[in-house]
Amino acid sequence: MMILAIVLLTLLALLLLPVCLHIRYDGSLSIASTWLWLRYPLLPHPAKQKSTSVSTAAPSAKAPLKMPGLKESMHLLLDLLPGCFKPIRLLLRRTTLAAVEVTVRVAKGDAAQTAIAFGHVNATVMMAIAALDRVFTLRVRHIDIIPDFVADQGCIDASLEVRLIPMAALVAAFAIACHMVVTLLKTPPHKKKPNAPMEGEHPHGKQASHQ
């Protein structure tokens, strides 16, 4: 029992350590994920060895899958969506956007155009920061928006870290899965349409015979 408790506590401690996604843009986008001492680059894609083996197996014929109708799919989707909003909202709120650094150099080659563009960029960046702060836990390190009245072209240098606790993701996934199972169990089967009345037959019974 002691060994099992130690294993469970170790697993719990590992699940409480955040997974970080490092995103940087300085003319090209680079993304890398880290957890503990492990690091894996996502963009640009790591070089992969080309496989030279050629598969000679003939493609197997598969029976076409019977997909549900559009109306049934829409009804099911509308039933599932309301219960998914709360766990997703809580998961996003527990996701931290840390070490946010944004440096924007605004340049249009003309002083008047640069001043106008500087106002637009300033308003856009501040609105984006405010919107992200309402959804995520935001930690801004610095934001610099600099008008350059000499250069002909501006540039953007931005970086941030997305930190997600694996335990929070597992709890949200479990809540969504439970809601889906309960919704599917409560969804009544679609009623069959009544058969159309046969010719010479009254909708509410047989046609009365002529006397």
Side-chain angles (χ1 to χ4, degrees), residues 1-55 57 80-81 83-107 121-122 124-146 148 151 153-182:
M1 291 297 294
M2 183 62 68
I3 297 177
L4 181 59
I6 294 175
V7 171
L8 292 178
L9 288 176
T10 304
L11 181 60
L12 179 62
L14 292 176
L15 290 177
L16 291 176
L17 295 176
V19 176
C20 296
L21 199 65
H22 302 269
I23 304 175
R24 183 176 182 84
Y25 178 82
D26 54 358
S28 61
L29 183 63
S30 61
I31 303 176
S33 61
T34 59
W35 185 68
L36 295 177
W37 62 88
L38 303 175
R39 183 180 179 89
Y40 183 76
L42 300 176
L43 281 178
H45 296 287
K48 296 181 179 180
Q49 296 181 354
K50 294 183 179 180
S51 176
T52 56
S53 60
V54 179
S55 176
L80 293 176
L81 279 180
C84 298
F85 288 148
K86 185 176 180 179
I88 292 176
R89 184 172 65 250
L90 293 177
L91 176 62
L92 293 179
R93 196 59 189 173
R94 286 177 172 84
T95 303
T96 304
L97 303 185
V100 178
E101 299 181 1
V102 180
T103 301
V104 182
R105 188 174 296 274
V106 184
V121 171
N122 196 3
T124 302
V125 171
M126 294 306 161
M127 290 175 60
I129 292 296
L132 291 175
D133 191 34
R134 293 177 62 89
V135 179
F136 303 94
T137 300
L138 193 63
R139 296 177 183 173
V140 179
R141 183 172 294 175
H142 72 81
I143 297 177
D144 294 331
I145 304 175
I146 307 169
D148 192 338
Q153 188 176 4
C155 61
I156 300 175
D157 189 350
S159 63
L160 61 91
E161 294 179 5
V162 183
R163 297 176 183 173
L164 176 63
I165 305 296
M167 179 61 74
L170 290 177
V171 170
F174 180 74
I176 293 175
C178 291
H179 170 71
M180 292 178 64
V181 171
V182 172

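Note that the coordinates shown come from a computational prediction; the quantities given were computed from them, not determined experimentally.
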With a 4.5 Å limit on heavy-atom distance, are the side chains of [X] and [Y] in contact?
X: Ile145; Y: Val125; result: yes
X: Val162; Y: Thr96; result: no
X: Thr103; Y: His142; result: yes
X: Ile176; Y: Phe85; result: no
X: Val102; Y: Asp144; result: no

Counting only heavy atoms not in [X], do more than 12 sit closer than 6.0 Å to its [atom1] atom?
X: Met167; atom1: CE; answer: yes
X: Leu12; atom1: CG; answer: yes
X: Arg94; atom1: CZ; answer: no

[atom1] of [X] to [atom2] of [Y]: how many Å apart, nearest 0.5 Å?
X: Ile143; Y: Glu101; atom1: CD1; atom2: CD; value: 10.5 Å
X: Leu36; Y: Cys20; atom1: CG; atom2: SG; value: 10.0 Å
X: Leu97; Y: Leu92; atom1: CG; atom2: CG; value: 9.5 Å
X: Ser33; Y: Arg39; atom1: OG; atom2: CZ; value: 8.5 Å
X: Leu9; Y: Leu4; atom1: CG; atom2: CG; value: 9.5 Å
X: Ile146; Y: Asn122; atom1: CD1; atom2: CG; value: 12.0 Å

Check: Per the side chain to side chain contact (heavy atoms under 4.5 Å, CB included) rule, which among Glu161, Arg163, His22 passes with Thr34?
Finding: His22

Item checked: Intermediate values then yes/no, salt bridge (Lys or Arg N to Asp or Glu O under 4.0 Å), Asp157 and Arg105 -> CA-CA 9 Å; Asp157 189 350; Arg105 188 174 296 274; over 6 Å; no

Check: Would Leu164 and Trp35 satisfy side chain to side chain contact (heavy atoms under 4.5 Å, CB included), going step by step from the backbone distance to the final call?
Finding: CA-CA 10 Å; Leu164 176 63; Trp35 185 68; over 6 Å; no

Notebook entry, point to check: Quick check: does any side chain N or O of Thr137 sit under 3.5 Å from a backbone N or O of Arg93, one acting as donor and the other as acceptor?
Noted result: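 Checking the backbone N and O of Arg93 against the side chain of Thr137, a donor-acceptor pair under 3.5 Å is found.
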
Identify the two heavy atoms, one from [X] and one from [Y], that lie closest to each other, and give their separation to 0.1 Å.
X: Ile165; Y: Leu16; value: CD1-O, 3.5 Å
X: Pro87; Y: Ala172; value: O-CB, 3.9 Å
X: Phe136; Y: Thr95; value: CB-O, 3.6 Å
X: Leu17; Y: Pro166; value: O-CD, 3.0 Å

Item checked: Verdict with reasoning, Leu15 to Leu170, per side chain to side chain contact (heavy atoms under 4.5 Å, CB included) -> CA-CA 9 Å; Leu15 290 177; Leu170 290 177; 4.0 Å; yes

Margin query: Test side chain to side chain contact (heavy atoms under 4.5 Å, CB included) on Leu21 and Ile31; report intermediate values, then the result.
Written below: CA-CA 7 Å; Leu21 199 65; Ile31 303 176; 3.8 Å; yes

